[in-house]
Amino acid sequence: MSTRRKFIASTAAGLAGLAVPSYGLAATSSPVTAVGQPLVISTWDTGLAANLGAWKVLRPGGRALDAVEAGVMVTEASQNCCVGLGGNPDRDGIVTLDACIMDEKFNCGSVAALERIKHPISVARRVMERTPHVMLVGEGAQQFAVAQGFPLEPQQLSADAAKAYKEWLKTSQYKPVINVENTGSKKPVGPVGGANNHDTIAMLAQDAQGNLSGSCTTSGMGFKMRGRLGDSPLIGSGLFVDNAVGAAAATGQGEDVIRIAGAHTVVELMRQGLAPKAACKAAIERIAKIKGAQARDIQVCFIAISAKGEHGAYALQKGFSYAVCDAKNQQQLVQSDFLLA
Ligand code: SD4
């Protein structure tokens with residue numbers, strides 16, 4: 001079992017226009033941000049830059065919902081990241097995107113298998129705010145996006161994705177095994193190893209009013225079957241928010257998050273009194289029990305914040321980190337504890 005360590009990150013320090021306080025070692029005790037003090041957390045190293053986007057909204061007193069949309073838009077727009085249109089395609093060479101968003105009043109919106117749209121998270125928000133529905137998929141989601149004024153981007157792979165796809169085509173082996181997250185012995189196909197290669201970002205925020213919101217956006221598992229959806233666009237699996245209790249989100253092998261309705265499970269465990277990290281751990285243990293020996297082949301990770309402003313995370317395997325941003329430190333990367341030593 002690892003011990004929690006906090007890393008001081010430098011990758012996004014230069015982001016324009018943001019007052020980033022001097023870096024310092026964070027306390028190792030259970031992290032709590034008092035209600036009234038905004039807080040945003042997000043998955044993986046890419047969360048550092050995304051959190052700064054969210055912080056621009058939270059710092060002047062903005063709404064958590066606006067923050068979690070603005071935050072993950074940074075990642076969706078990044079050229080150096082597998083989230084968004086730069087992500088790996090499905091087996092047929094087409095990039096399909098999934099995203100969802102949820103606010104403090106159980107309002108939620110989602111898009112899945114969306115093609116050629118740069119900001120699926122914003123389309124998910126429009127589904128939430130401008131339709132009587134929660135979820136739109138595929139062609140219908142794209143039609144809605146275009147009707148809402150989102151431009152159709154060209155159907156083309158980023159240079160990294162094209163390279164990875166070419167490599168994958170050599171074997172065309174379909175392995176529903178998480179790749180980029182697993183820092184263990186399995187060598188993933190495609191670009192790997194850099195801080196920016198994760199294909200999902202999930203973000204949770206609490207604003208100065210104490211309200212919670214969350215967002216999640218992904219290109220999904222690289223080289224997936226056409227039509228395959230993971231947990232990320234599913235409210236209750238990839239993301240869940242109950243303002244009275246807390247919020248949780250997932251990354252990793254979507255199929256196994258769906259199996260236990262992961263994010264909802266974490267929130268319900270917090271409702272029963274567990275702190276965020278303990279709730280994430282209990283959900284991971286549930287997955288490990290279901291998977292048995294196969295648990296070693298996958299990675300699943302949860303992040304959570306409570307209505308009290310505590311945050312925590314837990315992963316099945318080594319290698320998961322999450323980014324934390326609050327009034328004290330906007331650039332903190334926390335290495336998550338994990339179950340399988
Ligand atoms: C999925 N949960 O599509 C996503 C993948 C992921 O970092 O989180 N990758 O299953």
Side-chain angles (χ1 to χ4, degrees), residues 42-47 50 72 75-76 78 81-84 86-91 94-100 110-114 120-121 124 135 137 161 164 174-184 186 188-204 214-240 248-266 280 283-284 287 291 297-303 313-323 336 338:
S42 55
T43 55
W44 307 109
D45 323 36
T46 43
V72 302
T75 325
E76 287 179 339
S78 166
C81 186
C82 287
V83 172
N88 283 330
D90 64 16
R91 297 163 79 165
I94 297 164
V95 176
T96 64
L97 304 176
D98 306 330
C100 72
S110 162
V111 287
L114 179 62
I121 196 64
M135 196 162 190
V137 305
Y174 182 59
K175 277 202 267 173
V177 172
I178 207 68
N179 47 18
V180 287
E181 289 76 26
N182 194 332
T183 55
K186 275 183 196 63
V189 178
V192 71
N196 293 322
N197 283 327
H198 301 295
D199 50 34
T200 301
I201 181 163
M203 175 176 278
L204 307 172
S215 61
C216 188
T217 181
T218 187
S219 55
M221 184 189 288
F223 321 114
K224 59 198 173 187
M225 284 178 73
R226 184 134 180 87
R228 177 265 183 192
L229 297 182
D231 59 315
S232 303
L234 299 181
I235 297 296
S237 288
L239 174 69
F240 194 69
T251 183
Q253 177 90 353
E255 283 73 5
D256 294 305
V257 176
I258 294 171
R259 245 177 266 293
I260 66 153
H264 182 261
T265 292
V266 172
C280 293
I284 290 290
I287 291 172
K291 298 297 285 184
D297 296 334
I298 60 164
Q299 173 66 303
V300 180
C301 326
F302 291 109
I303 58 171
Y314 208 80
L316 187 57
Q317 314 238 20
K318 189 179 175 182
F320 175 57
S321 52
Y322 72 106
S336 170
F338 55 93

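Order of appearance sets the numbers: ligands from 1, and atoms from 1 within every ligand. Count residues from 1 along the sequence.
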Exercise for the section: Return yes if some donor-acceptor pair links the side-chain N/O of Asp199 with the main-chain N/O of Val83 below 3.5 Å, else return no. Expected result: no
Exercise for the section: Could you tell me whether the side chain of Gln299 and the main chain of Gln317 form a donor-acceptor pair under 3.5 Å? Expected result: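 The answer is yes, because a donor-acceptor pair under 3.5 Å joins these two groups.
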Problem - Atoms of ligand 1 close to Gly252 [distance to a heavy atom under 4.0 angstrom, numbered from 1] - result: 1 (C), 2 (N), 4 (C), 5 (C), 6 (C), 8 (O), 10 (O)
Handout entry: Where ligand 1 meets Met221 - atom numbers and elements under 4.0 angstrom, heavy-atom basis
Key =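 Matching atoms, with element in brackets: 3 (O).
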Exercise for the section: List the atom of Ser219, the atom of Asn88, and the distance in Å for their closest heavy-atom pair. Expected result: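 Ser219 and Asn88 have their closest heavy atoms at OG-N, 4.0 Å.
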Problem - Worked check of side chain to side chain contact (heavy atoms under 4.5 Å, CB included) between Trp44 and Ile201 - result: CA-CA 7 Å; Trp44 307 109; Ile201 181 163; over 6 Å; no
Handout entry: side-chain contact (heavy atoms from CB on, under 4.5 Å), paired with Pro233, selected from Pro120, Ser110, Cys216
Key = Ser110
Handout entry: Any N/O pair Ala250/ligand 1 closer than 3.5 Å
Key = no
Handout entry: Sub-4.0 Å atoms of ligand 1 with respect to non-hydrogen atoms of Thr251
Key =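 Listed by number with element: 6 (C), 7 (O), 8 (O), 9 (N).
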Exercise for the section: Considering the heavy atoms of Asp231, write down every atom of ligand 1 situated less than 4.0 Å from one of them. Expected result: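 Heavy-atom distances to Asp231 below 4.0 Å select 1 (C), 2 (N), 4 (C), 10 (O).
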Practice task
Could you list which atoms of ligand 1 come closer than 4.0 Å to a heavy atom of Ser232?
Solution key: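 Going through ligand 1 atom by atom, the ones under 4.0 Å from Ser232 are 2 (N), 4 (C).
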Exercise for the section: For Thr200, counting its heavy atoms only, list the atoms of ligand 1 lying under 4.0 Å from any of them. Expected result: 4 (C), 5 (C), 6 (C), 7 (O), 8 (O), 9 (N)
Handout entry: Test of proximity, Thr218 against ligand 1: N or O pairs below 3.5 Å
Key = no
Problem - Atom pair CZ (Arg228) and CG (Asp90), whose distance is rounded to the nearest 0.5 Å - result: 11.0 Å
Exercise for the section: May I ask whether Arg228 places a heavy atom under 4.0 Å from ligand 1? Expected result: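 The answer is yes, since Arg228 has a heavy atom less than 4.0 Å from ligand 1.
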Exercise for the section: Would you confirm whether Thr43, through its side chain, and Ala202, through its main-chain N or O, come within 3.5 Å as a donor-acceptor pair? Expected result: yes
Exercise for the section: Check each atom of ligand 1 against the heavy atoms of Gly220 and keep those under 4.0 Å away; list them by number with element. Expected result: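 Reading through ligand 1 atom by atom, the close ones are 3 (O).
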